[in-house]
Undergrad: 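Let me begin by handing over the structure; questions about it come next.
Throughout, protein chains are lettered first and strands after them, A, B, ... in sequence-line order, and every chain is numbered starting at 1. Only a predicted model underlies this, so the values are computations on that prediction, with no experimental measurement involved.
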Amino acid sequence: MNWKTNKMEEIIKDLLLSNATSVFGVQVDENAIQFQKTRKDVEGDLTLVIFPFVKLLKTSPAEAGEKIGRFLKERIKEIDSFEVISGFLNFTISDKFWLKQLNTVSKDAKFGFAEPNSRPTLMVEYSSPNTNKPLHLGHLRNNFLGYSVAEILKANGHKVIKTQIINDRGIHICKSMLAWEKFSPLNEKGERETPANTGLKGDKLVGNYYVRFDQEFNKEANEICNEWEKGNFDNFSEDTHAEFKRLTESKTGKDEKAIAGIDAKIKDLAKNHTSLLQEAKEMLVKWEARDPQVYLLWTTMNSWVYDGFEKTYKTMGVDFDKLYYESDTFLLGKDIVTEGLKSGVFFKKEDGSVWIDLTDEGLDEKLVLRSDGTAVYMTQDVGTAVDRFGDYKDLSGIVYTVGNEQDYHFKVLFLILEKLGFSWSDNCFHLSYGMVDLPSGKMKSREGTVVDADELMDEVVNQAEAMTQERGHIEGLSEDEKTALFRLIGMGGLKYYLLKVDPKKRMMFNPEESIELNGNTGPFIQYAHARIKSLLRKARSIGALKETAILPEEKEIIKQLVEFPTVVDEAAKNYSPALVANYSFELVKLYNTFYQSIPILIEEDDDLKNMRLVLSENVAKVLKLAMQLLGIEVPERM
RNA sequence: GGGCUCGUAGCUCAGCUGGAUAGAGCACCUCCCUUCUAAGGAGGCGGUCUCAGGUUCGAAUCCUGACGGGCUCACCA
């Protein structure tokens with residue numbers, strides 16, 4: 001942990017703070033001491049902003065800078081010189097200092113990483129899919145983000161438990177089940193379709209029936225609409241007839257858009273009267289009553305989905321330490337709500353539904369239990385959170401990796417937990433990330449524009465293969481090694497593409513760009529690593545660092561290396577793998593410039609050659625560590 | 001309509017708690033493999049940081065308003 005005090009910023013800051021009264025006449029705030037990178041076109045390695053001190057010293061920025069500069073140069077031997085330019089104090093630091101920094105970096109195999117388990121235990125939830133359809137592009141962003149944040153928190157010393165909540169109950173599950181029972185064709189043995197007899201991945205098979213339900217559901221609703229249009233209301237109530245009439249009449253005189261909206265309402269009305277929806281609802285009631293037949297169907301179809309997900313997760317390279325199922329936690333949620341009702345946190349309306357009043361917090365009233373006593377989403381989330389803190393006594397907080405469409409939900413959830421008196425509610429954080437858009441617009445399952453996760457991952461790996469074969473750096477690798485390499489490159493590219501953008505922001509997924517190898521991409525970073533490894537193999541041995549001169553290109557790399565611990569720290573504070581990606585990209589650019597213009601192996605001065613090898617070795621090391629934080633592997637050769 | 005959020009180069013994105021002449025990548029145009037992997041490097045082109053006010057030594061960054069996207073306000077999850 002001595003890297004922190006090693007940084008020149010810290011040395012200067014400490015010195016200024018402890019001598020503030022003699023330099024400035026008064027004590028100064030720590031925040032007044034601001035450093036920044038020295039501009040490229042200006043001489044110097046580090047810049048101190050003078051403006052905050054100008055008032056204190058009651059002189060011009062030039063004189064203030066001069067005074068501070070002189071003070072520091074006298075006391076810090078590593079400062080070679082300084083220069084004040086329009087309110088900025090630029091220091092030039094000695095080569096010896098930078099070599100020492102490089103030495104510090106090279107001594108630490110896990111440079112930038114804190115002592116494992118030295119900080120509180122956190123749970124990171126991610127993925128959390130519904131069990132009625134396969135994973136898609138949005139889940140990829142979610143999974144890569146959650147996994148990466150877990151790694152980043154670990155690197156900062158936290159013990160991390162990776163988890164997901166599996167959304168395995170509810171009407172949507174019943175829809176797939178019902179469609180399968182009703183519409184699956186029978187084979188010659190009289191069996192309905194299964195993953196085994198069709199060869200389909202379980203999640204895909206179940207997803208197909210979810211889609212099938214929706215199709216049949218719409219068909220039936222349309223038929224009902226047609227009957228209504230003809231004035232046939234034989235099988236419907238007076239109320240329904242009246243509602244239809246009211247809606248139809250409200251269309252007159254409206255514009256196209258409004259009419260479309262009304263038509264949608266009529267369709268919804270029809271949907272509510274379909275026999276399919278009725279059957280699905282009946283199935284849900286049976287499920288809640290643990291009807292043996294429905295339960296068997298449910299466990300069977302869910303197990304198909306889990307098998308399918310398992311394969312997808314494996315390809316993604318993500319895993320979980322503990323799984324939670326809503327079918328297990330919703331009951332606990334109901335109990336907690338019942339208790340909260342007694343203690344006055346919640347209140348009951350006449351129809352028996354239970355609510356929480358958040359109007360004092362500027363929010364609305366929120367339902368926590370339906371009038372029929374069944375659980376809603378919020379109920380089970382309360383239950384799950386409490387369950388988790390019960391399971392892990394040392395748990396200090398939970399990070400929920402969930403899309404920003406649920407910002408409101410989590411705001412409410414955390415408030416409810418707080419009102420229920422759980423002290424840990426403060427340590428619950430919604431890692432809210434933006435949606436992934438396609439060049440054609442939003443992904444919509446109804447319009448079939450959803451990008452399937454398995455297909456996309458296959459595609460990027462195939463592309464990686466084609467492009468790697470083209471370059472031809474891989475002769476001598478076995479077939480297995482080649483397959484692993486293509487996978488590593490394809491997945492590395494995809495992960496990097498999805499992680500390099502600030503998680504909070506909505507992002508554009510461009511299929512062509514996601515498999516690009518040039519520029520700010522995963523393969524660009526991987527290539528730099530492979531190239532260094534190749535260099536080190538040829539160098540055979542590396543000795544200890546000797547005192548040498550260092551070139552500007554080399555110094556820039558050392559400066560960037562020294563920043564790594566700060567980036568690891570910032571990435572955790574901001575829950576942002578993007579900071580790690582951007583840092584790595586900068587490091588590679590600096591290294592490539594160096595690599596391209598300065599000879600290494602053919603350098604005749606042994607000490608210089610050795611220093612360049614140490615530098616290269618540490619760039620490779622830090623790149624590998626950084627990519628590890630993103631869940632990306634780096635190759636020895638490519 | 002209320003709440004939240006975003007708006008930076010042709011496109012995709014960086015720009016931390018306000019700090020020097022706003023940066024990358026892609027695309028487009030020039031160059032560079034008799035040095036270690038050219039999946040590379042050097043250079044060029046490209047911006048009234050959506051607009052209008054305000055705060056101050058200083059604003060892409062903070063505040064207010066407008067315009068334009070997105071999300072949300074379900075006894076859906």
Undergrad: Return the nearest nucleotide to the side chain of N592(A); candidates are rC73(B), rG40(B), rU37(B).
TA: rG40(B)
Undergrad: Does rC26(B) have its OP1 or OP2 closer than 4.0 Å to a side-chain nitrogen or oxygen of N518(A)?
TA: no
Undergrad: Measuring only the C1' atom in each nucleotide, how far is rC51(B) from rU12(B)? A whole number of Å is fine.
TA: 24 Å
Undergrad: Do T131(A) and D168(A) have side-chain N/O donor and acceptor atoms under 3.5 Å apart?
TA: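 No, because no side-chain N or O of T131(A) sits under 3.5 Å from a partner of the opposite role on D168(A).
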Undergrad: To the nearest angstrom, how far is K500(A) atom NZ from rG15(B) atom P?
TA: 13 Å
Undergrad: Of the listed nucleotides (rA39(B), rU35(B), rA20(B)), which one gets closest to any side-chain atom of M638(A)?
TA: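 Of the candidates, rA39(B) comes closest.
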Undergrad: Atom pairs, N/O to N/O, protein against nucleotides 58-63 of chain B, distance under 3.5 Å?
TA:
none

Undergrad: Would you mind telling me which residue lines up with the more 5' stretch of RNA chain B, F524(A) or H473(A), judged by nearest nucleotide?
TA: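 Going by which nucleotide is closer to the 5' end, it is H473(A).
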Undergrad: Is the shortest side-chain N/O distance from K505(A) to OP1 or OP2 of rG70(B) below 4.0 Å?
TA: no
Undergrad: Answer yes or no: is there a donor N or O on one side and an acceptor on the other, between the side chain of R370(A) and the main chain of V354(A), under 3.5 Å?
TA: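 No, because the side chain of R370(A) does not come within donor-acceptor range (under 3.5 Å) of the backbone of V354(A).
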Undergrad: Base, sugar-phosphate or nothing for E586(A)? Non-hydrogen atoms, less than 4.0 Å.
TA: nothing
Undergrad: Among F410(A), F414(A), Y408(A), which residue meets the ring-ring contact (aromatic ring centres under 6.0 Å, His included) test with H430(A)?
TA: F410(A)
Undergrad: What is the nucleic acid contact for D502(A), judged by heavy atoms within less than 4.0 Å: base, sugar-phosphate only, or nothing?
TA: sugar-phosphate
Undergrad: When you measure from the side chain of I85(A), which nucleotide among rU37(B), rA14(B), rA20(B) comes out closest?
TA: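 Comparing rU37(B), rA14(B), rA20(B) against the side chain of I85(A), the answer is rA20(B).
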Undergrad: For L601(A) and F35(A), take the nucleotide of RNA chain B holding the closest heavy atom to each; which residue's nucleotide lies nearer the 5' end?
TA: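 The answer here is F35(A).
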Undergrad: Check E365(A) with K349(A), please: is the shortest side-chain N to carboxylate O separation under 4.0 Å?
TA: yes
Undergrad: With distance as the sole test, does E554(A) use its side chain to make a donor-acceptor pair with the main-chain N or O of L551(A) at under 3.5 Å?
TA: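 It does hold such a pair.
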Undergrad: Could you check how far OH of Y583(A) sits from C1' of rC16(B), rounded to whole Å?
TA: 16 Å
Undergrad: Does T593(A) use its side chain to pair, donor to acceptor, with the backbone of K589(A) at less than 3.5 Å?
TA: yes
Undergrad: Give me syn or anti for rC33(B), where syn covers glycosidic angles within 90 degrees of 0.
TA: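 Judged by the O4'-C1' to base torsion, rC33(B) sits in syn, the angle falling within 90° of 0.
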Undergrad: Of the options rC73(B), rA24(B), rU37(B), whose atoms approach the side-chain atoms of D364(A) most closely?
TA: rC73(B)
Undergrad: Does rA77(B) have its OP1 or OP2 closer than 4.0 Å to a side-chain nitrogen or oxygen of R370(A)?
TA: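 R370(A) to rA77(B) OP1/OP2: side-chain N or O found under 4.0 Å.
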Undergrad: Round to the nearest Å and state the distance from L48(A) atom CG to rA20(B) atom P.
TA: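 To the nearest whole Å, that distance equals 14 Å.
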Undergrad: Ignoring backbone atoms, establish whether S86(A) has a side-chain N or O less than 4.0 Å from OP1 or OP2 of rA20(B).
TA: no
Undergrad: Where the side chain of T38(A) meets the backbone of L46(A), is there a donor-acceptor pair that is under 3.5 Å apart?
TA: yes
Undergrad: Using side-chain contact (heavy atoms from CB on, under 4.5 Å) as the criterion, list what pairs up with E405(A), not counting sequence neighbours.
TA: M435(A)
Undergrad: Please pick, from rU37(B), rG41(B), rC6(B), the nucleotide with the shortest atom-to-atom distance to any side-chain atom of Q596(A).
TA: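 Nearest listed nucleotide: rG41(B).
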Undergrad: rU12(B) P sits how many Å from L499(A) CG, rounded?
TA: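 My rounded result for the distance is 20 Å.
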Undergrad: Can you check whether Y408(A) stacks with the rG3(B) base, using ring centres under 5.5 Å and planes within 30°?
TA: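 Given the distance and angle limits, no, they do not stack.
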Undergrad: With respect to the side chain of R471(A), which nucleotide from rA39(B), rU37(B), rG19(B) is positioned closest?
TA: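 Among the listed nucleotides, the one closest to the side chain of R471(A) is rA39(B).
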Undergrad: Can you confirm whether or not the ring centre of H409(A) sits under 6.0 Å from the ring centre of Y377(A)?
TA: yes
Undergrad: Among rA77(B), rC36(B), rG15(B), which nucleotide sits nearest the side chain of I600(A)?
TA: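 Closest nucleotide to the I600(A) side chain: rC36(B).
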Undergrad: Ignoring the backbone of L517(A), work out which of rC76(B), rA24(B), rA39(B) is nearest its side chain.
TA: rA39(B)
Undergrad: To the side chain of Q34(A), which of rA39(B), rG70(B), rG19(B) is closest?
TA: rG19(B)
Undergrad: With a 4.0 Å cut-off on heavy atoms, is Q36(A) in touch with a base, just the backbone sugar-phosphate, or nothing at all?
TA: base
Undergrad: Does the side chain of K589(A) get closer than 4.0 angstrom to OP1 or OP2 of rG41(B) through an N or O atom?
TA: no
Undergrad: rU35(B) C1' sits how many Å from L613(A) CG, rounded?
TA: 13 Å
Undergrad: Would one find a side-chain N or O of T593(A) under 4.0 angstrom from OP1 or OP2 of rA42(B)?
TA: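 Yes, within the criterion.
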Undergrad: Side chain of Y595(A), heavy atoms from C-beta onward: which of rC71(B), rA20(B), rA38(B) has the nearest atom to it?
TA: rA38(B)
